[in-house]
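In listed order, ligands and their atoms are each counted from 1. Values in this document were obtained by computation on a predicted structure and should not be read as measured data.
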Amino acid sequence: MRGMGRALGLGDEFFLDLVGERGGADARFTYYPPCPRPDLVYGLKPHTDNSVVTVLLLDRDVGGLQVLLRGEEWVDVPVLGRDELLVVVGEEMEIMSNAAFRAPTHRVVASGRERMSLVLFYQPEPHRDLEPAEELVGGDRPAMYRKLKAKAFADGFWDTFALGERTIDFLNIKVGRQQQQELQEAAGVSV
Ligand SMILES: O=C(O)CCC(=O)C(=O)O
Ligand SMILES: [Fe+2]
């Protein structure tokens, strides 16, 4: 997260300060049993993560994780035969960064071999407001998401996952063009 703040010219502590010190991380350990008909089912269906960032310890031997590129092409995350950590941007970072970073859709395809992964979903402190950082909102880049509590966002995840939607869409957080103009006018920014 330090690198992400630095990449946007906002300093190392920027995102760490926004999420707070007591945000914590949910851990998920997933065992994917060998699947006799991998052509019929997913290991894990397409989704975006409900996190600021997700850190995955991938199975060192068996692949299956794929990322959707440009909304059309599934690309395999390579298996390198050693312990690898992969950092995935979550939807909460997409909101905080005003879409400077976007949460990628990803899935796990089933295979005939067993597979394991260990995943940590880093969360903001639940009482924090989740909203585009004002440093990343300007005249030519209006706020793309409206404010809500981090806890309200986190609570939306399982319904969202069941429906196969993004939490941002399910909770209707995206701000339309008209609303962006109103918000900017209220903030005294000319459009
Ligand atoms: O098991 C994996 O490699 C990915 C797991 C994942 O995307 C998730 O738990 O959200
Ligand atoms: Fe995921």
Side-chain angles (χ1 to χ4, degrees), residues 1 3-4 7 15 18-19 23-97 99-126 128 130 144-145 148 150-174:
M1 280 208 291
M4 294 171 103
F15 289 114
L18 286 182
V19 301
D26 301 324
R28 184 185 297 156
F29 178 82
T30 312
Y31 172 70
Y32 301 88
C35 177
R37 291 297 305 272
D39 50 321
L40 293 181
V41 290
Y42 289 124
L44 188 62
K45 71 182 188 178
H47 66 281
T48 40
D49 288 348
N50 195 333
S51 64
V52 179
V53 290
T54 305
V55 179
L56 295 104
L57 175 62
L58 296 170
D59 192 295
R60 49 160 63 201
D61 299 316
V62 183
L65 181 60
Q66 297 183 328
V67 179
L68 187 62
L69 283 193
R70 291 178 289 276
E72 56 190 30
E73 188 191 352
W74 288 102
V75 175
D76 288 320
V77 172
V79 176
L80 301 175
R82 53 174 195 252
D83 290 332
E84 289 287 327
L85 292 178
L86 178 73
V87 178
V88 175
V89 173
E91 288 192 49
E92 282 146 304
M93 174 58 86
E94 179 169 324
I95 295 172
M96 289 192 302
S97 71
F101 299 112
R102 289 181 191 253
T105 302
H106 52 285
R107 68 182 184 184
V108 179
V109 291
S111 83
R113 297 173 67 191
E114 68 178 11
R115 177 177 185 273
M116 281 185 252
S117 68
L118 177 58
V119 188
L120 284 173
F121 300 91
Y122 285 89
Q123 305 290 346
E125 291 173 346
R128 297 258 171 175
L130 201 57
M144 292 174 64
Y145 310 96
L148 82 169
K151 181 170 183 341
F153 191 84
D155 288 349
F157 179 69
W158 289 110
D159 285 343
T160 300
F161 185 77
L163 291 169
E165 289 184 29
R166 309 179 84 213
T167 308
I168 285 174
D169 296 331
F170 179 73
L171 296 176
N172 200 14
I173 293 162
K174 226 172 217 161

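We find that Arg128 and Glu92 are not joined by a salt bridge, their nearest charged nitrogen and carboxylate oxygen being 4.0 Å or further apart.
Note on the Fe ion (ligand 2): protein N, O or S atoms under 2.8 Å away count 3, no waters included.
With a 4.5 Å cut-off on side-chain heavy atoms, Leu130 and Pro124 count as touching. By the 4.5 Å heavy-atom criterion applied to side chains, Arg115 and Val108 are counted as neighbours. For the pair Pro104 and Val89, the minimum side-chain heavy-atom distance is below 4.5 Å. In this structure, the side chains of Phe153 and Ile168 come closer than 4.5 Å at one or more pairs of heavy atoms. In this structure, Val52 and Phe15 have side chains that are not in contact, with every pair of non-hydrogen atoms separated by 4.5 Å or more. Between Val119 and Val88 the shortest side-chain heavy-atom distance does not fall below 4.5 Å.
Heavy atoms of other residues, nucleotides or ligands lying less than 6.0 angstrom from CZ of Phe121 number more than 12.
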Run through all N or O atoms in ligand 1 and write down each protein N or O closer than 3.5 Å, as a pair with its distance.
residue	atom	partner	partner atom	Å
ligand 1	1 (O)	Tyr32	OH	2.6
ligand 1	1 (O)	Arg115	NH1	3.2
ligand 1	1 (O)	Ser117	OG	2.6
ligand 1	3 (O)	Arg115	NH1	3.2
ligand 1	3 (O)	Arg115	NH2	2.8
ligand 1	7 (O)	His47	NE2	3.2
ligand 1	7 (O)	His106	NE2	3.1
ligand 1	9 (O)	Arg28	NH1	2.6
ligand 1	10 (O)	Arg28	NH1	3.4
ligand 1	10 (O)	His47	NE2	3.0
ligand 1	10 (O)	Asp49	OD1	3.2

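Only one option out of Leu69, Thr105, Val67 pairs with Trp74 in a side chain to side chain contact (heavy atoms under 4.5 Å, CB included); it is Thr105.
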